[in-house]
Amino acid sequence: MRVSILVTSYNHEAYIGQCLDSALGQTYPNTEVIVIDDGSRDGSMNIVRRYADRLEAIIEKTNGGQASAYNRSFELRTGDIVMWLDSDDYLYPDVVERIVAAWGPNVSKVQFRLDMVDAQSRPLGRQLPRDLHGGPIAARLMREFGAYGSPPSSGNAYARAMLQRLLPVAEGPWRIGADSI
């Protein structure tokens, strides 16, 4: 299985290097990394360009918001499994390997908790989404709201075939916060 890590970036100069190191440093070998910059005005792209020879693609676009970056990056992916990674987040080295190991023929999504860290990447001892996606709390949320406490985009991996039926994301209402849909 090929895995596409789609890094969406907007003004995260302080974090993009660690993000790309984590995406490119995965222990699972059949992984591609694509960066889509949503019109950053800081030095993010100077850092991204240093990784150009290791990235599948780098796309710079006019700022259109998070949903537009998701839609554009998905057009470029070749993986069977698709992950979006926000440029201020990073992955542990074996996360893709663990996702592929958990994958099966009828799987549409694998999610995992994200460790919360401070600006220096020191663990805060908390995870997202904490207790919201298991047991009675998840069942209650599904009944009341039709959704449960899923992690933001960086904590999910999706089947390409499922995403092809759901995308594109409506860009107007999801300019900001698309990682919560």
### Query
Tell me, do Leu20 and Val7 make a side-chain contact under 4.5 Å, heavy atoms counted?
yes

### Query
Distance under 6.0 Å and angle within 45° of the ring axis: does Arg54 meet both against Tyr51?
no

### Query
Can you tell me how far the CD1 atom of Ile47 sits from the NE2 atom of His12, to the nearest 0.5 Å?
12.0 Å

### Task
Would you mind listing every ring pair (Phe, Tyr, Trp, His ring centres under 6.0 Å) that reaches into residues 77-109, with sequence neighbours excluded?
Tyr70-Trp84

### Message
Can you confirm whether the side chains of Thr31 and Gln26 place a donor and an acceptor under 3.5 Å from each other?
### Response
no

### Task
With Ser87 as reference, evaluate Ser44, Ser40, Ser9 under the side-chain hydrogen bond (donor to acceptor under 3.5 Å, both in side chains) test and give the passing residue.
Ser9

### Message
Between Glu56 and Arg2, does any NZ, NE, NH1 or NH2 come within less than 4.0 Å of an OD or OE carboxylate oxygen?
### Response
yes

### Heavy-atom side-chain proximity of Asp80 to Val3 below 4.5 angstrom
no

#### Entry: Side chain to side chain, Lys109 and Asn156, heavy atoms closer than 4.5 Å
yes

### Query
Which distance, rounded to the nearest 0.5 Å, do you find between the CG of Leu6 and the OH of Tyr158?
11.5 Å

### Query
Is there side-chain contact between Leu124 and Asp118, with at least one heavy-atom pair below 4.5 Å?
yes

#### Entry: Nearest-0.5 Å distance that lies between atom OG in Ser108 and atom CZ in Arg165
8.5 Å

### Query
Quick one: salt bridge (Lys or Arg N to Asp or Glu O under 4.0 Å) partners of Glu13, sequence neighbours excluded?
none

### Message
Does Ile58 form a side-chain contact (heavy atoms from CB on, under 4.5 Å) with Asp37? I'd like the steps, not just the answer.
### Response
CA-CA 8 Å; Ile58 299 171; Asp37 184 81; over 6 Å; no

### Message
For Ser154, run the side-chain contact (heavy atoms from CB on, under 4.5 Å) check against Asp88, Asp89, Val95, Thr8 and tell me which one passes.
### Response
Asp89

### Task
Consider only side-chain N and O atoms of Arg41 and Tyr10, and report whether a donor and an acceptor are under 3.5 Å apart.
yes

### Query
Does the side chain of Leu55 come within less than 4.5 Å of Leu24's, by heavy atoms?
yes

### Task
Please determine, by modelled atom types, if Ser121 and Gln18 share a side-chain donor-acceptor pair under 3.5 angstrom.
yes

### Task
Please round to the nearest 0.5 Å and tell me the distance separating atom CE of Met1 and atom CD1 of Ile99.
11.5 Å

### Query
Do the non-hydrogen side-chain atoms of Tyr28 and Arg98 ever get within less than 4.5 Å of each other?
no

### Query
Do Asp38 and Lys61 sit within salt-bridge range, that is, some charged N less than 4.0 Å from a carboxylate O?
yes

### Main-chain N/O of Ile36 paired to Ser73 side chain as donor or acceptor, under 3.5 Å
no

### Summary
Tightest non-hydrogen contact, residues Arg49 and Asn46, listed as NH1-OD1, 3.4 Å

### Task
Take Asp86 and Gln66 through the side-chain contact (heavy atoms from CB on, under 4.5 Å) test and state the conclusion after the steps.
CA-CA 10 Å; Asp86 294 335; Gln66 196 172 28; 3.5 Å; yes

### Message
With heavy-atom distances below 4.5 Å as the criterion, would you say the side chains of Leu91 and Leu85 are in contact?
### Response
yes

### Message
Check this for me, if you would: do Arg77 and Glu32 make a salt bridge, where the nitrogen-to-carboxylate-oxygen distance has to be below 4.0 angstrom?
### Response
no

#### Entry: Hydrophobic cluster membership, Val117 vs Tyr15, 4.5 Å side-chain cutoff
no

### Query
Can you list the residues that meet the salt bridge (Lys or Arg N to Asp or Glu O under 4.0 Å) rule with Asp115, with sequence neighbours excluded?
none

### Query
Looking only at heavy atoms, what is the nearest atom pair of Leu163 and Val82, with distance?
CD1-CB, 3.8 Å

#### Entry: Any side-chain heavy-atom pair of Val48 and Ile16 under 4.5 Å
yes

